[in-house]
2 protein chains.
Amino acid sequence: MNSFTEENYLKAIYTLTEQSNSVVSTNAIAEKMNTKAASVTDMLKKLSDKKLINYQKYQGGALSSKGKKVALSIIRKHRLWEMFLLEKLDFKWDEVHDVAEQLEHINSDKLIAQIDKFLNYPKFDPHGEPIPDANGKIQQQRSKSMANYKKNDVLLMTGVVDHSTSFLNYIDKSGLALGNEIRIKDVNEFDRSLQITIGKKNTIFISNDVAKNILAIIK
Amino acid sequence: MNSFTEENYLKAIYTLTEQSNSVVSTNAIAEKMNTKAASVTDMLKKLSDKKLINYQKYQGGALSSKGKKVALSIIRKHRLWEMFLLEKLDFKWDEVHDVAEQLEHINSDKLIAQIDKFLNYPKFDPHGEPIPDANGKIQQQRSKSMANYKKNDVLLMTGVVDHSTSFLNYIDKSGLALGNEIRIKDVNEFDRSLQITIGKKNTIFISNDVAKNILAIIK
DNA sequence: AATATATTTTAGACTTGTCTAAATTTATTT
DNA sequence: AAATAAATTTAGACAAGTCTAAAATATATT
């Protein structure tokens, strides 16, 4: 088993390699982890001994496939717990992160499988971030704001940028919800407003301001 | 904040003082915590410095009111999580303990308040153990098997001894459930079987064997 | 290519929680 | 009440994770 600290380092390395490239510097990890470079070096050695990363002195580190699997399982747990807190326990978006940081380290395959089932197997968290499956497989396509897509694109709504109550109420009333299939019927050249069809049912208009705050992937 | 280890020691001291008396020996704690007496001494000093216990060298320790409050909050969390796992995530009774041991250390007042609400504010866990409230107040009356009560007693069903599927199915079919009000209409002298009324509705007969496996308190 | 600067690692120390072995205190027995 | 046994504490050590300060390496600059 890995300690909480080891798990947090692996998660940090994963998210850093997402943004930049596959090798991460000691300093970058130190900043992310709110710790000192010397502490990071110690941990990189340890993770390397455990074959969780590939590490060469002075050259930074990258997750091994074993380490990547662990990182993805932590991220899976984090995102599922966030969904659970939001959907089942009426947490607000800004309250979920700290608690999920703790819950992500609970070690029970059955627990996370049941939470997944309880939530009806969500594929994205409400920020549009993909939730890795139990095998660590993760949707590669990144969610982008709906304003980025073009006429006739068929999308899957994966999240929202703005988590304010007023915005959430607005999309609710419009009939928009996570998991909806959305087809872009038309893009107004003048103000970039959109005409979209939700599922097979109603067609609505949304402003560019709203479109910017809705996240989706190509279906 | 207290570490997981400190919380576990406080919980151990609490449960030990429940059984025996108010002062607990170093050895008793060592056995409960699966550790050595020397380690316990170190921790007793630390908990004493933090005013969580009253401790005199060679004289054992007892929880201070501050320590008792912490212990009760851990126990509250443990029992609420057990209920959650059983009732919402389809865990079996023998699967809940290990996971609850981890979850009880998650630190979030809102989380536990919402779990409590989600479960509709249960007062007893399914073993008949009382769940302390948010202020650390705990029902003092201990659950006893229904076979211990007498004619005309009005009871609150708080738990079951046997958690096998067959027994749980049986009480389900009989219309018995946690939280039911039960009135003992008659006790058969010969075989100690009971005639009981559940709520204001149906009256049923249960054998002494069944009664022994149902836990209740005087309402 | 030599020097200056930035990054990373090492060395040694500290904290938390654990341990073994020895010393001390308390309890029990005769 | 002295001797023995049992329980508890102390002393010193270890592992995990952190830190500061100094040394080593890599990168950038002229």
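All values derive from a computational prediction rather than experimental measurement. Protein chains get the first letters and strands the later ones, always in sequence-line order, with residue 1 at the start of each.
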Take A:Phe84 and A:Val96 through the side chain to side chain contact (heavy atoms under 4.5 Å, CB included) test and state the conclusion after the steps.
CA-CA 9 Å; A:Phe84 173 76; A:Val96 300; over 6 Å; no

Counting heavy atoms not belonging to A:Glu31, are there more than 12 under 6.0 Å from its CD?
no

A quick test of your reading: do over 12 heavy atoms of other residues, nucleotides or ligands sit less than 6.0 Å from NZ of A:Lys219?
yes

Closer than 4.0 Å, any side-chain N/O of [X] to the OP1 or OP2 of [N]?
X: A:Thr35; N: D:dC19; value: yes
X: A:Asn27; N: C:dA6; value: no
X: B:Thr26; N: D:dT9; value: yes
X: B:Lys45; N: D:dT9; value: no
X: B:Thr41; N: D:dT10; value: no

Scan B:Tyr9 against the nucleic acid and name what it touches under 4.0 Å (heavy atoms): base, sugar-phosphate only, or nothing.
sugar-phosphate

Base, sugar-phosphate, or nothing for B:Ser39, non-hydrogen atoms under 4.0 angstrom?
base

Contact check, residues 49-64 of chain B vs DNA chain D, heavy-atom distance under 4.0 Å, returns B:Tyr55, B:Lys57, B:Tyr58

Report the relative orientation of the aromatic rings in B:Phe4 and A:Phe4; use parallel for angles under 30°, tilted for 30 to 60°, perpendicular for over 60°.
perpendicular

Flag this pair as yes if the NZ/CZ of B:Lys88 is under 6.0 angstrom from the six-membered ring centre of A:Phe118 and inside a 45 degree cone about the axis; otherwise no.
no

Within 45° cone of B:Tyr149 ring axis and under 6.0 Å: B:Lys144 NZ or CZ
yes

By nearest-heavy-atom nucleotide on DNA chain D, the more 5' of B:Leu44 and A:Phe4 is B:Leu44

When you look at B:Tyr9 and B:Tyr55, which way does the ring-ring contact (aromatic ring centres under 6.0 Å, His included) test go after all the steps?
CA-CA 14 Å; B:Tyr9 270 95; B:Tyr55 167 63; over 10 Å; no

Could you check how far CG of A:Asn2 sits from C1' of D:dA16, rounded to whole Å?
14 Å

Nearest whole angstrom, please: distance from the P of C:dT16 to the CG of B:Asp42.
12 Å

Counting side-chain heavy atoms from C-beta on, which of D:dT18, D:dT9, C:dT9 comes nearest to A:Met43?
D:dT18

